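Every chain is numbered from 1, with letters handed out A, B, ... down the list of sequences. Quick note: numbers below take in every heavy atom, side chains included, and nothing from hydrogens, waters or symmetry partners. Remember, predicted model here, so these are calculated numbers, not experimental data.
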There are 2 protein chains.
Amino acid sequence: MAYTIKDVAQTANVSTATVSRILNDQGGYSEKTKRKVLNVIQELDYYPSGIARGLTNKRTNTIGVLVPNLTSSLVTEFLDGIESVAHNIGSSVIVCHTESHGIKTMKYLQLLHEKRIDGLILASTVLKKEYYDYVEKMGVPVVLLSAYSEFPVPYVTANDYEAAYTGTKYLIQKGHKKIGMISGNKEEWIAGNLIPRVEGFKDALSDNNISFNESCIEYGKFSIDDGVTGLKHLLNRVPDLTAIFTENDEIGMGVLSAAYNSGIKVPEKLSVIGMDDINLCNFMSPPLTSVSLSHNEMAEKAANLMFKMINSDTEVSNCILDYQIIERQSVCSQ
Amino acid sequence: MAYTIKDVAQTANVSTATVSRILNDQGGYSEKTKRKVLNVIQELDYYPSGIARGLTNKRTNTIGVLVPNLTSSLVTEFLDGIESVAHNIGSSVIVCHTESHGIKTMKYLQLLHEKRIDGLILASTVLKKEYYDYVEKMGVPVVLLSAYSEFPVPYVTANDYEAAYTGTKYLIQKGHKKIGMISGNKEEWIAGNLIPRVEGFKDALSDNNISFNESCIEYGKFSIDDGVTGLKHLLNRVPDLTAIFTENDEIGMGVLSAAYNSGIKVPEKLSVIGMDDINLCNFMSPPLTSVSLSHNEMAEKAANLMFKMINSDTEVSNCILDYQIIERQSVCSQ
DNA sequence: TCATTATACGTAACCGGTTACGTAAATTAA
DNA sequence: TTAATTTACGTAACCGGTTACGTATAATGA
């Protein structure tokens, strides 16, 4: 195998303790021996083993990130932000693709436990009691990204209710009266009881005296595909819709695609507004108007929060970020 | 901290060796003690430390994946496939976002070296000599995904040259004579000398007696943005183009977007064909015709190859996968 | 000058597992 | 019945680092 600290110590005629001290800038050695040891390290091309170091240090410089999927742009943008922060701090990230699947998620948590990760970020994941109990037991800092929880786990998220309310109101202000919504999976939210984005949608309607009918909401999952099938179902049930609010941009993209393929002009015949403001919105035809939830900031905040918890063991406070409507070309006045 | 194997051994009145044997199904213990130990493990909720285990085993059950970016769909689809294979085999994957940046890449390699990963996959990355020398030194199995190399490192890729040739020929057969190309970064390929997708494009033209002019190729990077700026530059230089072949689908998406915003109808006024056939192609307006390089299969093959090398230390052969044109609606006859 | 303190190390235990080797007890063979 | 073999463990070294503690030497102070 590769050289060890012992090899370095021997060839440099010092003890392993000295080598270790030099490697970690701890002082307690002369300039001369430092140079000598550093030379030997270079010559042998020695790299300390993070494994061995982790064993004593109880620090692996590795964090885990649980994501419900890897094909969603929002999620990969999260991952991107987290990875960037982690790398700057000197940590690596292990990605775990849970598929929102309970058993797979638990398996991943066990795996990360065995790997002795320093911290954990759950992105766009509903924190079930089972998960909470486990991470509690693991005893590592956890933060939720784009999710909240009744359990005492810090989260970084947007005010989904308000954002959805505002997004819907935007459509109303544009003169729309027949507005539908395509939402993600209902069951995902068992924990939260309420689906905030749906509630925001409903309340915006009723506050503006627009009659609401349950059939105006279509529930699916969160992917583009769900947008295309969602639009079909929705228009079957209520054909005179003039605007659609989608729970996220992927669904919105699906709606755009389905509309194109059905010859429904957006925005002339149908206005569409998404949520999250993922980068792809800019490049749709037409560019997709969206409620931006500053998700770049969100990911970085979450990562920074987690590292702060790792380093100082202090409790940190939740963080609710701002939202903002990014007007593009998928919505027009009625 | 958490319980250790010693705690388990003590409370079960056996030695740590016995506990270890039981944990690893190695035999050499009676059913009775096995049950006893297993009970204690459950009671204490003991989980062995992967770190300690890794120290003796020289196996971390962790692999590294280097990717040039995390916002490209192709790359995340790769990542998805690799993660899936790895998880089934019981390995975790560390993502490293290199931004195609030499220094950052080297830093990551060192980090992964320190972490003592079992294997490494370089996705869509040109293997510079510097990288090769380093991974050689690391002594772990490496495989290139969607890349080739003059160095003796196994790769899994498509026949880019032929695929590009065929994609271009498809446009020609549709009657197009004024065809442009938008390619990725020229400098990326220093190592390979030739840019296979560009060569395929050129050769398809000349083999079909279509005059070729260097100004018909626009070089940028690989993102959607480069597609939009690329189209503008290209049309400035040669305005009578009727078709565009893009080095990848992201660039193709950018072209679609720029065309939409400039009022250029696709495919009526401009045909566009991409490469890779990422999932998003299906949802563009219009859906983007693309040369499919079976990248799902590619990622899985690469991962399986790597694990085979990890487990058997045998040399494996390269793998060149098939391509196929997926006709959608962004190309029409001239 | 001698006592005191600081500096520059070395020794060895420890982190939490794995495993080669040794041995008493149980089983089988002769 | 006794010898040979197998089974079921325990002991202790080892993986490759870190670090508490001890000590000889050098530097400082009185």
Original post:
How far apart are the closest heavy atoms of Met309(B) and Val142(B), and which atoms are they?
Top reply: CE-O, 4.0 Å
Of the nucleotides [options], which one has an atom closest to the side chain of [X]?
{"X": "Ala17(B)", "options": "dT19(D), dA20(C), dG16(D)", "value": "dA20(C)"}
{"X": "Ser20(A)", "options": "dC9(C), dG17(C), dT19(D)", "value": "dT19(D)"}
{"X": "Ser49(A)", "options": "dG16(D), dG10(C), dG16(C)", "value": "dG16(D)"}
{"X": "Thr56(A)", "options": "dA12(C), dC14(C), dA20(C)", "value": "dC14(C)"}
{"X": "Ser15(A)", "options": "dG16(D), dT18(C), dT11(C)", "value": "dT11(C)"}
{"X": "Ser30(A)", "options": "dG16(C), dT18(D), dC9(C)", "value": "dC9(C)"}
{"X": "Arg21(A)", "options": "dG10(C), dG17(C), dG10(D)", "value": "dG10(C)"}
{"X": "Ile5(B)", "options": "dT19(C), dG17(C), dG10(D)", "value": "dG17(C)"}
{"X": "Leu55(A)", "options": "dG16(C), dC9(C), dG10(D)", "value": "dG16(C)"}
{"X": "Tyr46(B)", "options": "dT18(D), dG17(C), dG10(D)", "value": "dG17(C)"}

Starting from [atom2] on [N], measure out to [atom1] on [X] and report it in whole angstrom.
{"X": "Ile22(B)", "N": "dT18(C)", "atom1": "CD1", "atom2": "C1'", "result": "14 Å"}
{"X": "Gln26(A)", "N": "dA8(C)", "atom1": "CD", "atom2": "C1'", "result": "14 Å"}
{"X": "Tyr29(A)", "N": "dT19(D)", "atom1": "OH", "atom2": "P", "result": "14 Å"}
{"X": "Lys34(A)", "N": "dA8(C)", "atom1": "NZ", "atom2": "P", "result": "12 Å"}
{"X": "Lys58(A)", "N": "dG16(D)", "atom1": "NZ", "atom2": "P", "result": "19 Å"}
{"X": "Asn57(A)", "N": "dG16(C)", "atom1": "CG", "atom2": "C1'", "result": "14 Å"}
{"X": "Ile51(A)", "N": "dT18(D)", "atom1": "CD1", "atom2": "P", "result": "13 Å"}
{"X": "Arg59(B)", "N": "dC15(D)", "atom1": "CZ", "atom2": "P", "result": "20 Å"}

**OP:** Give the ring-plane orientation class for Tyr132(B) versus Phe151(B), where under 30° counts as parallel, over 60° as perpendicular and anything between as tilted.
**Re:** parallel
**OP:** Just call it for Asp7(B): base, sugar-phosphate, or nothing, with non-hydrogen atoms closer than 4.0 Å on any strand.
**Re:** nothing
Original post:
Hey, does Val19(B) reach any base, or is it just sugar-phosphate, or nothing, if we go heavy atoms under 4.0 Å?
Top reply: nothing
Original post:
Does Thr33(B) place a side-chain N or O at less than 4.0 Å from the phosphate oxygens OP1/OP2 of dC9(D)?
Top reply: yes
Original post:
Do any side-chain nitrogens or oxygens of Thr18(B) fall under 4.0 Å of OP1 or OP2 in dA8(D)?
Top reply: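 The answer is no; no side-chain N or O of Thr18(B) sits under 4.0 Å from OP1 or OP2.
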Original post:
With a cut-off of 6.0 Å (strictly less than), are more than 12 heavy atoms of other residues, nucleotides or ligands near NZ of Lys221(B)?
Top reply: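 Not buried by this count: 12 neighbours or fewer within 6.0 Å.
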Original post:
Considering residues, nucleotides and ligands other than Lys36(A), do more than 12 of their heavy atoms fall under 6.0 Å from its NZ?
Top reply: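 Correct, the count exceeds 12.
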**OP:** Look at the side chain of Arg116(B) and the base of dG16(D), then say whether one donor and one acceptor between them are separated by less than 3.5 Å.
**Re:**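 Side chain to base: no pair present.
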**OP:** Mind running salt bridge (Lys or Arg N to Asp or Glu O under 4.0 Å) on Lys129(B) and Asp133(B) for me, showing each step along the way?
**Re:** CA-CA 6 Å; Lys129(B) 177 156 188 356; Asp133(B) 288 344; 2.8 Å; yes
Subject >> 5′-ward residue of the pair Arg53(A)/Ala52(B) relative to DNA chain D >> reply: Ala52(B)
Subject >> Pair Lys115(B)-Ser92(A), side-chain donor/acceptor within less than 3.5 Å >> reply: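 Per modelled atom types, Lys115(B) and Ser92(A) side chains form a pair under 3.5 Å.
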